[in-house]
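This chain uses plain numbering: 1 for the first residue, then up along the sequence. Everything numeric here is computed off the predicted structure, so don't read it as measured data.
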Amino acid sequence: MATTALERRLFVDGEWIETGDWLEVRSPYSGDLVGRVAKGGPQETKRAIDAAERAMREPLPAHKRAEILVKVAGQLGRRHDEVARLISEEAGKPMKAARVEAKRAMSTFTFAAVEARKLAGEMVPMDASQAGEGKLAFTLRVPRGIVGAITPFNFPCNLVAHKLAPALAAGCAVVLKPASATPLSALLLAELMEAAGLPSGWLNVVAGSSAEIGDVLVEDERVAALTFTGSGDVGWKLKERAPRKHVALELGNATPVIVCADAPPDTAATLAANSFSFAGQSCISVQRIYVLDDAWDEFVRDFVPKVEALVVGDPADEETDVGPVIDDDARRRILEWIGESGGEVLTGGETNDRDLIKPTVIANPAHDAKVSREEVFGPVVTLTRTSSLDEAIELANSTRYGLQAGIFTRDLRSALEGAQKLEFGGVTVNEAPTFRADQMPYGGVKASGNTREGPAYAVRELTEERLVVIQL
Ligand code: NAP
């Protein structure tokens with residue numbers, strides 16, 4: 001439970017500003033006030049873009065950018081408890097998961113610092129053609145320009161880190177709009193970046209009405225790139241509205257896993273642990289498990305008791321595995337989807353005495369039910385009995401999403417078949433597809449997005465090649 005409510009201003013042009021209007025941040029668990037954040041709009045967003053433009057007129061050398069990133073990583077380590085607690089309070093994320101997120105943010109800044117130091121173009125072998133003889137050519141990687149970044153509620157620290165750290169590594173100034181439900185971690189990161197020596201204008205954080213701030217970021221021609229993590233409906237519309245900007249989208253998934261008869265013995269435990277962390281509100285939370293006939297009985301027998309053993313409760317408690325979903329609307333929608341699944345609810349399917357949805361397992365839901373086709377973003381997993389690997393792959397591929405998928409088997413041929421045929425940005429073998437290390441190329445295909453994050457890949461997205469040809 002939040003003890004003292006924080007009050008945070010917006011960070012624009014190196015100043016902490018008030019606007020006369022406030023956004024309230026409430027605990028999704030208790031409803032208590034966690035903090036108040038100054039609410040910005042078009043005026044603050046324009047001011048932020050002006051500041052970013054001024055900042056980029058005086059580029060920061062790579063060693064300075066790397067130094068700032070390393071300092072922030074160090075501060076995230078030193079202030080780990082505070083960072084994890086803030087994530088937990090504003091997002092209702094269990095401390096166990098909030099600690100993992102806080103540590104991962106350190107890793108994101110650390111890898112971005114490496115990228116800042118090695119950002120370079122490449123030589124072009126000019127004398128490989130007659131036309132190029134007598135010339136020397138190479139490419140420079142130059143920052144695209146001002147980056148407009150928009151982030152979701154579910155990883156309020158590390159997904160903000162995945163926007164801010166690579167942008168600085170690339171030499172781009174940023175205007176960030178964090179999720180309205182969880183803006184406090186973003187503002188803490190801004191505080192750490194300022195304390196690490198980031199000059200004015202390189203980072204601006206404007207919380208407030210998404211439509212108003214989004215409109216300015218879309219319409220202002222000085223914003224060269226938009227980087228968005230969130231739901232597909234919002235993301236693809238942004239891209240349509242900004243045809244001349246570079247628009248990078250990290251969107252949702254309805255994460256599938258295939259369990260073969262020769263899956264390793266700890267498969268049920270791994271999947272039970274990875275299907276419900278942060279109440280399933282991760283874009284790669286395991287949602288649809290396709291179990292081959294021969295594995296079905298044993299898997300169900302192992303999996304359900306492990307799910308029932310998860311501790312549901314107060315996110316501030318270090319023992320809690322599953323806490324609340326983000327708000328009442330989400331809770332109502334998830335319960336509705338469970339109710340109309342057409343399958344057998346093996347466990348859960350209802351709320352506990354604190355109105356938290358119990359981890360829910362549904363056997364054999366209808367193929368066209370929402371839990372089978374859409375992103376649940378809640379503590380719900382479906383188990384579907386399948387007769388062959390081909391059928392399981394076809395079902396796994398049958399939604400519009402394509403972020404990450406997993407396959408559990410000890411047979412190399414089945415594993416490679418999964419890797420080749422599953423139409424996803426990433427495929428994990430004998431590991432839950434919820435797995436992400438921050439240096440990985442991470443991103444989706446199909447409706448799940450059009451980019452890869454992970455500092456090395458995001459830096460590539462946020463810079464462009466400039467060719468230099470020299471007549472010798
Ligand atoms: P969301 O509702 O799409 O919101 C994401 C961000 O977009 C928020 O900052 C939101 O602001 C903003 N936004 C909403 N409408 C906007 C508009 N018209 N113009 C500009 N910005 C707008 O998503 P969410 O509920 O926070 O997050 C859950 C979704 O994110 C899920 O689909 C999940 O899978 C996806 N996700 C994907 C990844 C990935 O890496 N692929 C990672 C995490 C989450 P407000 O908060 O003010 O509404």
Side-chain angles (χ1 to χ4, degrees), residues 101 104-105 107-109 111-112 114-115 141 144 147-167 169-170 172 174 176 179 224-240 242 245-257 274 278 281-288 374-375 377 396-397 399-407 418-429 431-464:
E101 179 176 350
R104 282 185 47 198
S107 165
T108 304
F109 273 89
F111 281 111
V114 172
E115 295 309 318
R141 290 221 70 103
R144 277 190 190 276
V147 172
I150 302 177
T151 51
F153 75 83
N154 62 336
F155 285 82
C157 181
N158 193 38
L159 287 183
V160 172
H162 270 287
K163 304 297 184 202
L164 306 189
C172 298
V174 179
L176 168 75
L226 287 175
T227 169
F228 174 87
T229 302
S231 60
D233 287 352
V234 178
W236 290 111
K237 267 186 211 127
L238 276 179
K239 182 162 163 52
E240 258 172 44
K245 295 189 198 299
H246 183 82
V247 182
L249 302 175
E250 286 281 7
L251 310 170
N253 200 30
T255 311
V257 171
N274 281 281
F278 194 29
Q281 298 169 112
S282 155
C283 45
I284 41 175
S285 187
V286 171
Q287 178 180 325
R288 301 175 290 142
E374 302 297 333
E375 180 180 40
F377 226 56
N397 286 339
T399 75
R400 62 181 194 275
Y401 298 108
L403 186 50
Q404 285 201 157
I407 178 164
Q420 277 169 349
K421 293 189 178 163
L422 287 163
E423 295 157 1
F424 291 80
V427 176
T428 58
V429 177
E431 173 56 282
T434 319
F435 174 79
R436 180 179 182 188
D438 294 282
Q439 73 275 29
M440 280 167 35
Y442 176 81
V445 296
K446 295 163 64 178
S448 292
N450 63 356
T451 189
R452 293 294 176 272
E453 279 188 353
Y457 308 90
V459 166
R460 212 181 285 164
E461 291 271 300
L462 296 177
T463 52
E464 50 201 3

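Looking at heavy atoms from C-beta onward, Pro156 lies in side-chain contact with Glu101 at the 4.5 angstrom threshold. At least one side-chain heavy atom of Tyr442 sits less than 4.5 Å from a side-chain heavy atom of Glu250.
Asn253 approaches Gln404 most closely through the heavy-atom pair ND2-O, 2.9 Å. Here the closest non-hydrogen pair linking Leu403 and Gly444 is CD1-N, 3.5 Å. Closest approach of Pro455 and Phe111 over heavy atoms only: CG-CB, 3.7 Å.
Atom CG in Asp438 sits 4.5 Å away from atom CG in Asn158 (nearest 0.5 Å). Atom-to-atom distance recorded for Phe424:CZ and Ser448:OG is 7.5 Å, nearest 0.5 angstrom. Once rounded to the nearest 0.5 Å, the distance linking CG of Leu462 with OG1 of Thr227 reads 6.5 Å. Between Glu375 atom CD and Ser231 atom OG the span is 8.5 Å, to the nearest 0.5 Å. Here the CG-NZ distance, from Leu251 to Lys239, works out to 11.0 Å after rounding to the nearest 0.5 Å. Separation of atoms OG1 (Thr399) and CD (Glu374) is listed at 8.0 Å; rounding is to 0.5 Å.
Take Phe377 and apply the ring-ring contact (aromatic ring centres under 6.0 Å, His included) test, not counting sequence neighbours, and it matches Phe153. Residues meeting the salt bridge (Lys or Arg N to Asp or Glu O under 4.0 Å) test with Arg460, sequence neighbours left out: none. Taking the side chain to side chain contact (heavy atoms under 4.5 Å, CB included) definition, one finds that Pro152 meets it with Asn154, Leu159, Thr229, sequence neighbours left out. Scanning for salt bridge (Lys or Arg N to Asp or Glu O under 4.0 Å) contacts around Arg436 gives an empty result, with sequence neighbours left out. Applying the salt bridge (Lys or Arg N to Asp or Glu O under 4.0 Å) test to Glu423 and every residue at least two apart in sequence or in another chain returns Lys446.
Without hydrogens or angle criteria, Thr434 side chain to Asn274 main chain gives a donor-acceptor distance under 3.5 Å. Side-chain atoms of Glu115 do not come within 3.5 Å of backbone N or O of Ala165 as any donor-acceptor pair. A donor-acceptor pair is defined here as one N or O able to donate and one able to accept, closer than 3.5 Å; such a pair exists between the side chain of Trp236 and the backbone of Ala447. Judged purely by atom type and a 3.5 angstrom limit, Ser285 has no side-chain atom pairing as donor or acceptor with the backbone of Gln281. Panel note: side chain Thr108, backbone Arg104; a donor-acceptor pair is recorded below 3.5 Å.
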Requested in this report: Run the numbers on Gln287 and Thr255 for side-chain hydrogen bond (donor to acceptor under 3.5 Å, both in side chains), then give the verdict.
Outcome: CA-CA 5 Å; Gln287 178 180 325; Thr255 311; over 6 Å; no

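Screening residues 449-458 for salt bridge (Lys or Arg N to Asp or Glu O under 4.0 Å) gives Lys163-Glu453 as the qualifying pairs, with residues at least two apart or on separate chains.
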